[in-house]
Amino acid sequence: MAEEQAKEQPKVEKSRKRLVGVLVTSVLIAGAGVAGTVLGPRLMAKPAAAVAAHPAEEPAEEHAAADAQEESDDSEASLNSKREPTNPMAFNAIVVDVRDKRQQSHHMKVGITVELPEKFTKEEFEKFSPRGREAAIAYLRSKDFDDLTDPKSFELVHKELSVAVIKAMGKKHVYRVVITDYVAQ
């Protein structure tokens with residue numbers, strides 16, 4: 001009888017050790033998840049804003065071409081807004097987190113459609129659209145939530161967003177940028 005009790009004690013101790021180990025591991029994993037959820041947006045938002053503030057440099061030939069065409073931006077913009085809509089293609093909805101003046105994170109969903117030359121195919125659009133999406137995301141992330149949602153500044157936001165997308169995709173590819181959705185939380 002004493003032998004049977006001696007055999008059962010190590011089994012009980014092993015199972016308790018396993019249970020404690022599993023509980024400690026579970027608590028650590030849950031704690032890491034909560035810490036990531038709480039601290040992640042704060043820690044990750046600052047580097048993303050810094051990247052948006054300092055975009056990567058363009059190749060020399062694109063930069064020179066952009067400088068040469070900057071002078072005619074205003075006249076072309078007015079012409080582009082008067083053209084008949086041709087070959088519109090929409091980006092997938094852009095959803096970004098932007099911060100307000102109190103550093104609280106807010107979601108923004110922006111739908112963008114670009115008007116392209118008639119000869120521009122869907123396949124060509126799919127090649128250039130990542131550039132336009134990247135420019136739109138960088139622009140939106142560089143702004144405060146309060147600036148983006150102020151009704152008085154919508155015209156300026158539309159103009160600056162259009163300039164960023166057109167510059168990224170190329171003026172010969174994009175006639176006009178139309179904001180089709182603009183939702184803020």
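Only a predicted model underlies this, so the values are computations on that prediction, with no experimental measurement involved.
The shortest heavy-atom contact between Met89 and Phe120 is CE-O, 3.8 Å. Of all heavy-atom pairs spanning Ala164 and Ala135, the tightest one is O-CB, 3.5 Å. Between His158 and Val177 the shortest heavy-atom distance is NE2-O, 3.1 Å. For the residue pair His106 and Asp100, the shortest heavy atom distance occurs at NE2-OD2, 2.9 Å. Closest of all the heavy-atom pairs between Pro117 and His173 is CD-O, 3.0 Å. Taking every heavy atom of both residues into account, Ile112 and Val110 meet most closely at CG1-CG1, 3.9 Å.
The OG atom of Ser142 lies 12.0 Å from the CD1 atom of Ile137; values are rounded to the nearest 0.5 Å. Atom CZ of residue Phe125 and atom CG of residue Leu116 lie 6.5 Å apart, to the nearest 0.5 angstrom. Separation of atoms OG1 (Thr149) and OH (Tyr182) is listed at 7.0 Å; rounding is to 0.5 Å. Arg133 contributes atom CZ, which lies 5.5 Å from atom CG of Asn92 (distance to the nearest 0.5 angstrom). Separating the CG atom in Leu28 from the CG atom in Leu23 is a distance of 11.0 Å, to the nearest 0.5 Å. In this structure, Phe154 CZ and Leu161 CG are separated by 9.0 Å, a value rounded to the nearest 0.5 Å.
In this structure the side chain of Val174 never reaches within 4.5 angstrom of the side chain of Glu115, judged on heavy atoms. Annotation: side chain of Arg99 is not in contact with side chain of Asp144 (no heavy-atom distance under 4.5 Å). Considering only heavy atoms from C-beta on, Val20 stays 4.5 Å or farther from Arg18 through its side chain.
No single ILVMFWY cluster, assembled from side-chain heavy atoms under 4.5 Å apart, contains both Met169 and Val178.
With hydrogens and angles disregarded, a donor-acceptor distance shorter than 3.5 Å links the side chain of Asp146 to the backbone of Lys101. Listed for the His107 side chain is no donor-acceptor partner under 3.5 Å among the backbone atoms of Val183. With hydrogens and angles ignored, the 3.5 Å screen pairs no side-chain donor or acceptor of Glu160 with any backbone N or O of Val157. Side chain of Ser153 to backbone of Leu156: no donor-acceptor contact under 3.5 angstrom is found. Not one N or O on the side chain of Ser129 forms a donor-acceptor pair closer than 3.5 Å with the backbone of Phe91.
The local environment of CD in Glu155 is sparse, with at most 12 non-hydrogen atoms from other residues, nucleotides or ligands closer than 6.0 Å.
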Could you walk me through whether Leu148 and Met108 pass the side chain to side chain contact (heavy atoms under 4.5 Å, CB included) test, one step at a time?
CA-CA 9 Å; Leu148 291 172; Met108 290 218 42; 3.6 Å; yes
